[in-house]
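These notes concern the structure reproduced below.
Each chain gets a letter, A, B and so on, in the order the sequences are listed, and its residues count up from 1. Heavy atoms only: backbone and side chains are in, while hydrogens, waters and symmetry mates are out.
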There are 2 protein chains.
Amino acid sequence: MSDLLERLRGRGWRMTAQRRVVAEVLDGEHVHLTADEVHARAVARLPEISRATVYNTLGELVTLGEVLEVATDQRAKRYDPNAHRPHHHLVCARCGSIRDVHPTGNPLADLPESERFGFMVSNVEVTYRGLCPDCAAA
Amino acid sequence: MSDLLERLRGRGWRMTAQRRVVAEVLDGEHVHLTADEVHARAVARLPEISRATVYNTLGELVTLGEVLEVATDQRAKRYDPNAHRPHHHLVCARCGSIRDVHPTGNPLADLPESERFGFMVSNVEVTYRGLCPDCAAA
DNA sequence: CGCTTGACTTAGACATTGTCCATTGTAGGA
DNA sequence: TCCTACAATGGACAATGTCTAAGTCAAGCG
């Protein structure tokens, strides 16, 4: 946590109360929050923080590579603080809850040259979908 | 094409000019259009068609399994008429263009039981990202 | 320690994408 | 041909995100 703040400061990030709160919220719970959820939690600590600042700060954290943006549903983007270890996602098709998973195998290697259409392929995301235990029981 | 219309009629779909136009647009170009792009092309053939009807019709085609919804970016959903053959997607990180691809390997088998967290996993989507030839050249 | 300055924050307007609803229209069977 | 249930319309509304102009403040400097 203070790790994160130190890293950011070391990169010339100007430290403000707002940015600290956003970083703390992300680092506090290792879940995948939407921008609005981050905002709600930030407001609880710093009532006057604005939506625009939360969006700006999240965008900067993504640019800096400290946080990943994941679009597992077509609703709001979610922000994944676990940016430093490669992983994929397992999403509940009903309630939308997300777990980080680590499949074996290397999907990048599974795309033959003939299927690359001249693209410079740099990245792959794997999203597993299914029902979580709670939703499967219901 | 008329295949599609026949299948739909066979399932009791009431055929209207609007639905026919939407189905034809999707089937005509095998690209991944957004709802708005479908609407624009539909308007070219049937000027009075409304946005709501296009959304409704696309939703019905998805429900019927004739078309896939893909959310490769967090902007608009795209509609994939190639619903009957399993495939994954290769997306240009800059311009958003999409190609269907067929990687080797079976990512579902690559998720060990210990990484399933009790989920009933039923589906996996793989999205490759990179730069298309045009964007890489620019 | 108190300026200065440019980066940061704010509030709210705006944009995009999608959904809903009440009304009007029409496909297809009787 | 007429009826009627299903479909289409258009406009309001909702959710998410972006932009801007003006005010505010962190942090370096004297």
Side-chain angles (χ1 to χ4, degrees), chain A residues 5-6 8-25 32-43 45-64 66-80 96, chain B residues 5-6 8-26 32-64 66-80 95-96 98:
Chain A
L5 292 180
E6 282 315 311
L8 295 173
R9 195 190 295 273
R11 298 214 222 171
W13 224 45
R14 187 153 138 189
M15 191 51 54
T16 66
Q18 291 84 351
R19 287 175 167 182
R20 186 168 10 250
V21 165
V22 170
E24 285 174 2
V25 165
H32 303 70
L33 299 173
T34 65
D36 250 24
E37 289 165 348
V38 173
H39 181 235
R41 284 164 174 69
V43 162
R45 304 189 188 200
L46 188 68
E48 66 276 22
I49 194 170
S50 76
R51 254 169 23 100
T53 296
V54 172
Y55 276 101
N56 288 341
T57 304
L58 289 172
E60 288 156 11
L61 288 169
V62 169
T63 299
L64 291 171
E66 295 292 346
V67 162
L68 289 181
E69 212 172 61
V70 288
T72 50
D73 58 24
Q74 49 287 10
R75 311 275 315 263
K77 296 174 197 168
R78 292 176 176 274
Y79 292 89
D80 182 345
Chain B
L5 291 181
E6 282 315 310
L8 295 173
R9 194 190 295 271
R11 298 214 223 170
W13 222 45
R14 188 153 135 188
M15 190 52 55
T16 67
Q18 290 84 350
R19 287 176 167 182
R20 185 169 11 248
V21 164
V22 169
E24 284 174 1
V25 164
L26 277 178
H32 303 69
L33 299 172
T34 64
D36 249 26
E37 289 165 347
V38 172
H39 181 234
R41 286 164 173 70
V43 162
R45 304 189 188 199
L46 190 66
E48 66 276 24
I49 194 171
S50 76
R51 255 170 23 99
T53 296
V54 171
Y55 277 100
N56 288 342
T57 304
L58 288 173
E60 287 156 13
L61 288 170
V62 170
T63 300
L64 292 171
E66 295 292 344
V67 162
L68 289 180
E69 210 171 61
V70 290
T72 50
D73 58 25
Q74 47 289 10
R75 311 274 315 264
K77 295 175 197 166
R78 291 176 177 275
Y79 293 89
D80 184 344
C95 71
I98 304 180

For this session: Respond yes when some side-chain nitrogen or oxygen of A:Gln18 is under 4.0 Å from OP1 or OP2 of D:dT24, and no when none is.
Result: no
Problem set entry | Side-chain N or O of A:Thr16 closer than 4.0 Å to phosphate OP1/OP2 of C:dT9 | yes
Exercise. Is there a donor on the side chain of A:Arg19 or the base of C:dT9 sitting less than 3.5 Å from an acceptor on the other?
Worked result: no
Exercise. Should A:Thr53 be listed as having a side-chain N or O under 4.0 Å from OP1 or OP2 of C:dT10?
Worked result: yes
For this session: For B:Ala52, answer base if it contacts any base atom (sugar-phosphate contacts may also be present), sugar-phosphate if it contacts only those atoms, and nothing otherwise; contact means non-hydrogen atoms under 4.0 Å.
Result: base
Problem set entry | For the student: nearest non-hydrogen atoms of A:Ala23 and A:Leu5, plus distance | CB-CD2, 3.9 Å
Problem set entry | Length of the NE2-P vector between B:His39 and C:dT19, whole Å | 15 Å
For this session: Would you mind reading off the distance between B:Glu48 atom CD and D:dG11 atom P, rounded to a whole angstrom?
Result: 15 Å
Problem set entry | Approximate separation, where rounding is to 0.5 Å, of B:Asp36 CG and B:Arg51 CZ | 6.5 Å
Problem set entry | Approximate separation, where rounding is to 0.5 Å, of B:Asn56 CG and B:Arg19 CZ | 8.5 Å
Problem set entry | Pairing of A:Glu66 and A:Arg11 as salt bridge, 4.0 angstrom limit | yes
Exercise. What nucleotide among C:dT9, D:dG17, C:dG18 has an atom nearest to a side-chain atom of B:Lys77?
Worked result: C:dG18
Exercise. From the list D:dG17, C:dG28, D:dG10, which nucleotide is the closest neighbour of the side chain of B:Met15?
Worked result: C:dG28
Seminar exercise, completed: Winner on side-chain proximity to A:Ala76, out of D:dT16, C:dT10, D:dA27, is D:dT16
Exercise. What about B:Arg14: does its side chain form a donor-acceptor pair under 3.5 Å with the base of D:dC6?
Worked result: yes
Exercise. D:dT24 P sits how many Å from A:Ile49 CD1, rounded?
Worked result: 17 Å
For this session: Report which part of the nucleic acid B:Arg75 touches: base, sugar-phosphate, or nothing (heavy-atom distance under 4.0 Å, all strands).
Result: sugar-phosphate
Problem set entry | A:Arg51 side-chain proximity, nearest of D:dA27, C:dA13, C:dT17 | C:dA13
Exercise. Under 4.0 Å between a side-chain N or O of A:Tyr55 and OP1 or OP2 of D:dG17?
Worked result: yes
For this session: Please round to the nearest 0.5 Å and tell me the distance separating atom CD of A:Glu69 and atom NZ of A:Lys77.
Result: 4.0 Å
Seminar exercise, completed: Contacts of A:Trp13 and B:Ala35 projected onto DNA chain C by closest heavy atom; the upstream (5') one is A:Trp13
Problem set entry | Whole-Å gap separating C1' (D:dT16) and OH (A:Tyr79) | 10 Å
Exercise. Rounded to the Å, how far apart are A:Glu60 CD and C:dA7 C1'?
Worked result: 10 Å
For this session: Ignoring hydrogens and angles, tell me if any N or O in the side chain of A:Arg78 forms a donor-acceptor pair with the backbone of A:His32 under 3.5 Å.
Result: yes
Seminar exercise, completed: A:Arg9 CZ to D:dA27 P, in whole Å, measures 6 Å
Seminar exercise, completed: A:Asp36 atom CG is separated from D:dT18 atom P, nearest whole Å, by 12 Å
Exercise. B:Asn56 has an atom CG; how far is it from atom P of C:dT26, in whole Å?
Worked result: 17 Å
